[in-house]
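Dumping the structure here so I can ask a few things about it.
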Amino acid sequence: MKSIIPNVSLGSYGYEGTVKIEAWNKHSADRFRLTINIETINKVHKTTYQWLIDHQNEMKKLILKQLFDLYPEIQDDYGWDLNGKKERHICPM
């Protein structure tokens with residue numbers, strides 16, 4: 001069954017697909033995986049998807065701002081100094 005959301009189609013667990021969010025091109029070459037665990041996509045889902053695409057730059061700014069604000073608190077968990085010069089470990093233990 002064809003979906004009203006681009007690159008999303010009915011799969012084993014509902015509607016699934018990948019979405020390329022252009023605002024994140026500098027940060028990730030990957031596509032984002034999208035799964036909607038329902039049997040039917042309607043106009044509300046399409047409108048929500050379109051809103052996310054239309055407002056992706058604002059969302060990116062908000063997400064990055066929050067990460068930068070939290071960085072001093074989580075810095076030790078991820079082992080990077082403020083300038084990114086010193087790596088203690090890659091994954092938090």
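Everything numeric here is computed off the predicted structure, so don't read it as measured data.
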* Shared hydrophobic cluster, Y71 / L62 (ILVMFWY, side-chain heavy atoms < 4.5 Å) ->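 Not linked; separate clusters.
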* Structure fact -> Of all heavy-atom pairs linking K60 and A23, the shortest is CD-O, 3.1 Å
* To do: Give the minimum heavy-atom separation between V8 and Y15, together with the two atoms involved.
  =>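 Smallest heavy-atom distance, with atoms named: CG1-CB, 3.7 Å.
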* Asked: Quick one: CG on L70 to NZ on K65, what's the gap to the nearest 0.5 Å?
  ->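 The NZ atom of K65 is 9.5 Å from CG of L70, to the nearest 0.5 Å.
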* For Q56, all residues meeting side chain to side chain donor-acceptor pair (under 3.5 Å), sequence neighbours excluded -> none
* **Heavy-atom pair of closest approach, residues K46 and I5** => CA-CG1, 4.2 Å
* To do: Heavy atoms only: give me the nearest T18-N7 pair and the separation to one decimal.
  =>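 In terms of heavy atoms, the two residues are closest at O-CB, 3.3 Å.
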* For L52, what are the other residues in its hydrophobic cluster, where any two members join if their side-chain heavy atoms are less than 4.5 angstrom apart? ->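 Grouped by the 4.5 Å side-chain rule, W51, M59 form the rest of the cluster around L52.
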* To do: Return the set of residues passing side-chain contact (heavy atoms from CB on, under 4.5 Å) with N42 (not counting sequence neighbours), or none when no residue passes.
  =>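 Applying side-chain contact (heavy atoms from CB on, under 4.5 Å) to N42 gives V44, H45.
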* To do: First locate atom CD1 of I4, then atom OG1 of T47, and finally report the distance between them rounded to the nearest 0.5 Å.
  =>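 Spacing of CD1 (I4) from OG1 (T47) equals 7.5 Å.
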* To do: Flag yes if more than 12 heavy atoms outside K61 fall under 6.0 Å of its NZ atom; otherwise flag no.
  => no
